[in-house]
Amino acid sequence: MAEDQITVATWNVNSVNARLENVTSWLEKRQPDIALLQEIKSQEENFPTLAFEALGYKCTIVGQKSYNGVALLSKRPAEDVLTALPGDADDDQARYVEARVGDIRVASIYLPNGNPSNGPKYTYKLDWMDRLRDHAQHLLETEQTAVLGGDYNVIPADEDCYDPADWSDDALFKLETRRKFRSIENLGFTEAFRALSDTPHAYTFWDYQGRGWESDKGIRIDHFLLTPKAADRLVACEIDREPRGLPKASDHTPVICTIAA
DNA sequence: ATGGTCGGCCTCCGA
């Protein structure tokens with residue numbers, strides 16, 4: 001990690017306590033300045049704060065019992081914290097945390113899965129995406145340097161999954177889902193990985209079921225969206241496949257976005 | 001080839 005760069009990682013860890021050794025050893029190795037975690041499946045009081053503080057990270061946690069939950073780990077202090085996506089005071093699912101770290105606003109996003117794709121869970125997903133678009137518009141209008149990372153539960157295009165036909169009716173790939181994701185990009189956001197790489201089949205998630213990892217049947221659903229001021233400083237975006245192959249792996253692997261300081 | 005995914009947890013639900 002160079003002094004003139006800031007690295008932001010995103011990782012759906014599928015339970016921070018079940019994954020603690022995997023996550024801490026990866027942080028020690030890669031030393032991201034900021035780590036955005038999703039699906040911590042932990043309330044704040046059960047979050048392993050001390051283990052991360054021992055590695056030099058401050059923890060900003062939005063927890064929930066059993067499900068969901070997001071966290072923002074940062075070597076520098078997190079300020080001006082937002083603990084929910086604006087737009088629905090009745091939404092009590094822990095899926096969003098945003099803060100300013102240095103001169104960058106970062107968000108850890110756990111966008112709803114939405115399956116089954118013909119019922120209330122899908123409606124909730126689409127509504128949540130509308131709220132995200134509205135908030136993203138606000139970040140643009142206020143000319144922020146913002147990096148929105150997380151598990152978007154969106155497969156942006158055919159080349160981001162092993163077999164589009166298998167996913168055509170899935171909430172992660174339905175045309176309406178992809179259109180809504182594009183509508184956020186089209187406000188003026190840059191999707192960091194695809195902006196820098198034409199490589200197809202660069203996955204971030206492999207299902208535990210059906211030997212997904214062993215047969216490389218994956219999907220790319222963990223993304224970074226950058227405002228223009230952040231995109232102007234975009235240096236690299238890398239998917240680190242290594243953690244997915246380790247014992248007791250999460251079904252997602254981390255993605256690292258590098259920004260010029 | 002007689003198996004087959006995890007994690008949290010009010011033994012099923014969510015992914």
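So that the names make sense, note that chain A is the first sequence line, chain B the second, and so on, each numbered from 1. In this text, all values refer to a predicted model and were calculated from it rather than measured experimentally.
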(request) Could you list all the salt bridge (Lys or Arg N to Asp or Glu O under 4.0 Å) pairs where at least one residue sits in residues 185-200 of chain A, not counting sequence neighbours? (result) A/Asp160-A/Arg194, A/Glu191-A/Arg220
Between [N] atom [atom2] and [X] atom [atom1], what is the distance in whole Å?
{"X": "A/Lys248", "N": "B/dT5", "atom1": "NZ", "atom2": "C1'", "result": "13 Å"}
{"X": "A/Gln43", "N": "B/dG7", "atom1": "CD", "atom2": "P", "result": "19 Å"}
{"X": "A/Lys65", "N": "B/dC9", "atom1": "NZ", "atom2": "C1'", "result": "8 Å"}

(request) Would you kindly compare A/Arg211 and A/Asn17 by the position of their nearest DNA chain B nucleotide and give the one closer to the 5′ end? (result) A/Arg211
(request) Can you tell me which residue pairs pass the side chain to side chain donor-acceptor pair (under 3.5 Å) test with a partner in residues 111-122 of chain A, sequence neighbours excluded? (result) A/Asn113-A/Asn115, A/Asn115-A/Asp170, A/Tyr122-A/Thr177
(message) I need the A/Asp151 CG to A/Leu37 CG distance, nearest 0.5 Å.
(response) 12.0 Å
(message) Over 60° means perpendicular and under 30° means parallel, so tell me whether A/Trp11 and A/Trp26 are parallel, tilted or perpendicular.
(response) perpendicular
(request) Measure the acute angle between the ring planes of A/Tyr203 and A/Trp206, then classify it against the limits of 30° and 60° as parallel, tilted or perpendicular. (result) perpendicular
(message) Please classify the nucleic acid contact of A/Gly210 as base, sugar-phosphate, or nothing, using heavy-atom distances under 4.0 Å.
(response) sugar-phosphate
(message) Quick check: A/Phe52 with A/Phe47 (ring centres under 6.0 Å apart)?
(response) yes
(request) Kindly say if A/Arg19 contacts the phosphate of B/dG7, meaning a side-chain N or O under 4.0 Å from OP1 or OP2. (result) yes
(request) Write down the distance separating the P atoms in B/dC6 and B/dC10, rounded off to the nearest Å. (result) 22 Å
(message) In whole Å, measure the gap between the C1' atoms of B/dC9 and B/dA15 for me.
(response) 15 Å
So which protein nitrogen or oxygen atoms get under 3.5 Å of nucleotides 12-15 of chain B's nitrogens or oxygens?
{"from": "B/dG14", "atom 1": "OP2", "to": "A/Lys121", "atom 2": "NZ", "distance (Å)": "3.3"}
{"from": "B/dG14", "atom 1": "O5'", "to": "A/Lys121", "atom 2": "NZ", "distance (Å)": "3.3"}

(message) Would B/dC10 be called syn or anti here, given the cut-off of 90° from 0?
(response) syn
